[in-house]
Amino acid sequence: MSQYKSDFINSVVERGYMHQCTDLDALDAKAEKGPITAYIGFDCTAPSLHAGSLVPIMLLRLFQQTGHKPIVLMGGGTTKVGDPSGKDESRQLLDEARIAANMDGIKQVFAKYLTFGDGPTDAVMVNNADWLDELEYIPFLRDYGRHFSINRMLGFDSVKLRLEREHHLTFLEFNYMILQAYDFLELSRRNGCSLQMGGSDQWGNIVNGVELGRRVDEAHLIGLTTPLLTTASGAKMGKTADGAVWLNADMLSPYDYWQYWRNTEDADVGKFLRLFTELPIAEIERLEALEGADLNDAKKTLADEATKLCHDADAARAARATAEQAFEQGAIAQGLPTIDVAKADLQSGITVIELFCRAGLSNSNGEARRLIRGGGARLNDAVISEQTLVVTTEACNDDGIIKLSAGKKRHVLVHAV
C-alpha cells in the first residue's frame, strides 16, 4: 500500500528524489487533488547544462508526468548576480550578450524532457530578468528587504561556509537569496505557482521564498529539495577527468554521453537507474541485483535509457553499437570521436606524445608519457611501448584513419585529411 496519497510524492520518495520538504503532508494533499504548479530555476552560467543538473530536470519531468504543471525559470536576471551556494569563490560575472547566448543553448535541453504548451499541465519557460530588471532599488528594499533578517541569513550554509573558510563574499552575492525569494513570490502572483524545488544546497533560499510569500501575500508556499548527488567514490556528479558531461550534443557527443553512464560505478547503478531512467522499479531491482560481469548489462541499460532521454533512441543505439565495435569486437568504429590531422603532418611524422595531446587523450606531454609507461596507451589496439614513437601515414587504415586509445574506455579516431 502506498505511503502517500499522491502519485507525485510516492514517485519522488520511491525513486530517491526526496531530501527535505517544508510541508510534506500539505504538498501531498494538494498534489492528490489536482494539477499544481512548481518551478525550478536554472542560471545561465554556461552554454549548456551538464549531467549535474539532471536531477532537477528529471524531477520536473516526473512532476509533469504525474499530472502537474512545471515552470522552467531561466535566470536571466539572477545570473547577473551569481549564486554563492556551494561555491568558495565568486562566479565570473557575465555580460548580457553572453547570458543570452547561454540561455539559448540551455533552452534546447528542456525540449527533450518536457512538453511545452498552453494546457493545464504543459510546461512553460519564463525569464526572471522580466521582473528583476525592472525593480527599483529603494522601493524594493522598503517593500521586501525589511522581511529578511541578516542574523538568519548569516546562518544559511551558502553564506556560513564561505565566511567560515574566510573566503570573499560580495554584497552582490549576499543579495542572491533575496532575489530568489522574490522570484518565488513573483511566480506565485503571475502563475499561481505554489511549489519551488531544487537541490539541498538551495534549502535556505527556498525557505526564504516560502516565508516571504507568507509575510507579504499570506500565501501558503511550499519548498522541496533533492539530495546533493555525488558518485560512490565521492566525485561530483556530471564531472569527469575530461571535463563536464554536457547535455547538448554540440558540446559532448551522444557516444561520449553514453560512455559516461556505461562507466558508472557498481555501487551507483541502482540509484542512477531510479533517478535517470523511467524503467519500472521492479525492473530496476532486477538489474541492480546482478553481480560481477552481469552488472555490465545493467550499466548498458542505464546508458541506453539515459541517452534516449537526452538525445534520442537512434543516438542511443548508435552509441551502443559503436561501443560494442570498439570494445567487444576490437574494430575501428566509425562512431568514435574524431579529429582531423593534415596528411602532410603525418607524412613527415608526428610524435605519439603530440598526437595524444592533439586528440585530447592527455592534457600534457608528461601525462601522455605516464600513460605510455603504464601500458595504457594504444595505437590501433596495439600497446605503445616507446615514448619516442613517431606516427606516420603507415599507421593509417585504408580509410586514412588511426585509432588512439587511452585505457580501455577512451578512444579517438585520427583522420588524415
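This chain uses plain numbering: 1 for the first residue, then up along the sequence. Atoms considered below: every heavy atom in the structure, side chains included; atoms not considered: hydrogens, waters and symmetry mates.
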With salt bridge (Lys or Arg N to Asp or Glu O under 4.0 Å) as the rule and sequence neighbours excluded, what pairs involving residues 366-375 come up?
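Checked against salt bridge (Lys or Arg N to Asp or Glu O under 4.0 Å) - neighbours excluded - no pair reaches residues 366-375.
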Do [X] side-chain atoms and [Y] backbone N/O form a donor-acceptor pair below 3.5 Å?
{"X": "D28", "Y": "L24", "result": "no"}
{"X": "H68", "Y": "I36", "result": "yes"}
{"X": "N205", "Y": "Q180", "result": "no"}
{"X": "K112", "Y": "C310", "result": "yes"}
{"X": "R146", "Y": "R142", "result": "yes"}
{"X": "Y176", "Y": "T78", "result": "no"}
{"X": "D294", "Y": "L290", "result": "no"}
{"X": "Y260", "Y": "G238", "result": "yes"}
{"X": "Q64", "Y": "L114", "result": "no"}

Among D183, T79, D43, which residue satisfies the side-chain hydrogen bond (donor to acceptor under 3.5 Å, both in side chains) criterion with N128?
D183
Looking at R378, H411, R410, which one forms a side-chain hydrogen bond (donor to acceptor under 3.5 Å, both in side chains) with S405?
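For S405, the side-chain hydrogen bond (donor to acceptor under 3.5 Å, both in side chains) check succeeds only for H411.
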Please find out if less than 6.0 Å separates the ring center of F276 from that of W261.
yes
Close aromatic pair by centroid cut-off 6.0 Å: F110 and F116:
no
Taking atom types as modelled and ignoring hydrogens, do the side chains of [X] and [Y] form a donor-acceptor contact shorter than 3.5 angstrom?
{"X": "T37", "Y": "N191", "answer": "no"}
{"X": "T231", "Y": "D268", "answer": "no"}
{"X": "T225", "Y": "Q202", "answer": "no"}

I'd like to know if [X] pairs up with [Y] as an ion pair, taking the criterion as any Lys NZ or Arg NE/NH1/NH2 lying under 4.0 Å from an Asp or Glu carboxylate oxygen.
{"X": "R358", "Y": "D345", "value": "yes"}
{"X": "E218", "Y": "R214", "value": "no"}
{"X": "K299", "Y": "D266", "value": "yes"}
{"X": "R61", "Y": "E278", "value": "yes"}
{"X": "K80", "Y": "D133", "value": "yes"}

Check the pair E265 / S233 against side-chain hydrogen bond (donor to acceptor under 3.5 Å, both in side chains), numbers first and verdict last.
CA-CA 8 Å; E265 297 175 47; S233 61; 2.6 Å; yes
Is the shortest side-chain heavy-atom distance between [X] and [Y] below 4.5 Å?
{"X": "Y182", "Y": "L135", "value": "yes"}
{"X": "T121", "Y": "Q65", "value": "no"}
{"X": "N296", "Y": "R262", "value": "yes"}
{"X": "I178", "Y": "Y144", "value": "no"}
{"X": "I57", "Y": "F42", "value": "yes"}
{"X": "L185", "Y": "D217", "value": "yes"}
{"X": "S362", "Y": "C357", "value": "yes"}
{"X": "L247", "Y": "L54", "value": "yes"}

Which residue pairs pass the ring pair (Phe, Tyr, Trp, His ring centres under 6.0 Å) test when at least one of the two sits in residues 184-235, sequence neighbours left out?
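The answer is Y39-F184.
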Going from [atom1] on [X] to [atom2] on [Y], what distance comes out if it is rounded to the nearest 0.5 angstrom?
{"X": "S6", "Y": "K30", "atom1": "OG", "atom2": "NZ", "value": "12.0 Å"}
{"X": "S48", "Y": "K107", "atom1": "OG", "atom2": "NZ", "value": "14.5 Å"}
{"X": "D23", "Y": "L221", "atom1": "CG", "atom2": "CG", "value": "11.0 Å"}
{"X": "I150", "Y": "R152", "atom1": "CD1", "atom2": "CZ", "value": "13.0 Å"}
{"X": "R189", "Y": "L187", "atom1": "CZ", "atom2": "CG", "value": "11.0 Å"}

Taking atom CD of E96 as the centre, does the number of heavy atoms from other residues, nucleotides or ligands within less than 6.0 Å exceed 12?
no
Got a sec: does the CZ of R98 have more than 12 other heavy atoms crowding it under 6.0 Å?
no
Is there a side chain to side chain contact (heavy atoms under 4.5 Å, CB included) between I281 and R15? Walk through the geometry before answering.
CA-CA 8 Å; I281 294 297; R15 301 191 81 96; 3.8 Å; yes
Could you walk me through whether L229 and K271 pass side chain to side chain contact (heavy atoms under 4.5 Å, CB included), step by step?
CA-CA 10 Å; L229 203 58; K271 176 170 67 175; 3.9 Å; yes
Would N175 and F148 count as a side chain to side chain contact (heavy atoms under 4.5 Å, CB included) if you check the C-alpha gap in whole Å, the side-chain angles of each, and the deciding distance to 0.1 Å?
CA-CA 11 Å; N175 278 272; F148 293 86; over 6 Å; no
Run through E14, E283, E288 and flag the one making a salt bridge (charged side-chain N to carboxylate O under 4.0 Å, His left out) with R274.
E288
Apply side-chain hydrogen bond (donor to acceptor under 3.5 Å, both in side chains) to the pair D304 and T301, showing each step before the final yes or no.
CA-CA 5 Å; D304 288 345; T301 299; 5.3 Å; no
Q108: side-chain contact (heavy atoms from CB on, under 4.5 Å) partners, not counting sequence neighbours:
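So Q108 forms a side-chain contact (heavy atoms from CB on, under 4.5 Å) with N248.
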Could you give me the CA-CA distance, side-chain angles and deciding distance for K69 and D122, then say whether salt bridge (charged side-chain N to carboxylate O under 4.0 Å, His left out) is met?
CA-CA 6 Å; K69 187 177 187 70; D122 285 341; over 6 Å; no
Result of checking L279, D297, L295, V269 against L287 for side chain to side chain contact (heavy atoms under 4.5 Å, CB included):
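Going through the options one by one, the only one that passes is L279.
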Under the side chain to side chain contact (heavy atoms under 4.5 Å, CB included) criterion, do D95 and I99 qualify, and how do the steps go?
CA-CA 6 Å; D95 61 27; I99 291 172; over 6 Å; no
